[in-house]
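Basis for what follows: all heavy atoms, side chains included, without hydrogens, waters or symmetry-related copies. Ligands are counted one by one from 1 in listed order, and the atoms in each one are counted from 1 as well.
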Amino acid sequence: MTYPLSQLLKDAEERARQSGRQWTSQRADVLRVMADQAGPVTAYELLDAIKVVHPNPKPATVYRALEFFMELGLVHKLDSANRFVLCQHQHGQLHHRAQFLICDDCGQVKEIPVAPKLLAALEEQARVQGFQMAGKGLEVHGRCGQCRQRH
Ligand SMILES: [Zn+2]
Ligand SMILES: [Zn+2]
């Protein structure tokens, strides 16, 4: 991982403080477990993983923590896969649009910046239709390099 856990936790606490939000040990635990996952997880899988640390996690607490991390730009939701993934970059407070390369074989996700030209072209095409693009990222499905080698 390009983002060491200690740095992630420090950044998270710092961002929470800057946005006037509360940082709790519970949220730190959720983030730690999130960082421990091999790839993107469903909220349910995350809840299961948290049970190892906390015997009886409240689903609402975990969901609220996820929402909180998304607001801080530390976790992304992949709408097309209905899964959550830790941000792979240290973007700072403002999270720019990212491109997610989602492997349909192994489930791994790679987050890369969207080429500005590509983004401008997409937004322009949408604008011509009177359409405003939503979301923080472009989700591209396919097969990753490792899986392609295996087949
Ligand atoms: Zn990100
Ligand atoms: Zn793969």
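- Listed by chain and residue number, Arg143 satisfy the salt bridge (Lys or Arg N to Asp or Glu O under 4.0 Å) test with Asp105 (two or more places apart in sequence, or in another chain).
- A cation-pi arrangement, defined by a distance under 6.0 Å to the six-membered ring centre and an angle within 45 degrees of its axis, is absent between Arg21 and Phe68.
- Glu111 contributes atom OE2 as its closest N/O/S atom to the Zn ion (ligand 1).
- Every residue meeting the salt bridge (Lys or Arg N to Asp or Glu O under 4.0 Å) condition with Glu123, not counting sequence neighbours, appears here in chain and number order: Arg97.
- When the salt bridge (Lys or Arg N to Asp or Glu O under 4.0 Å) test is applied to Glu67, no partner is found at least two apart in sequence or on another chain.
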Next item on the list: Could you please spell out the steps behind the side chain to side chain donor-acceptor pair (under 3.5 Å) verdict for Gln129 and Gln125?
Entry: CA-CA 7 Å; Gln129 305 296 324; Gln125 277 196 307; over 6 Å; no

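- Here the straight-line distance linking atom NE2 of His76 with atom CD of Gln88 works out to 8.0 Å at 0.5 Å rounding.
- At a cut-off of 2.8 Å, measuring from the Zn ion (ligand 2), the protein N, O or S atoms that fall short of it are Cys103 SG, Cys106 SG, Cys144 SG, Cys147 SG, waters left aside.
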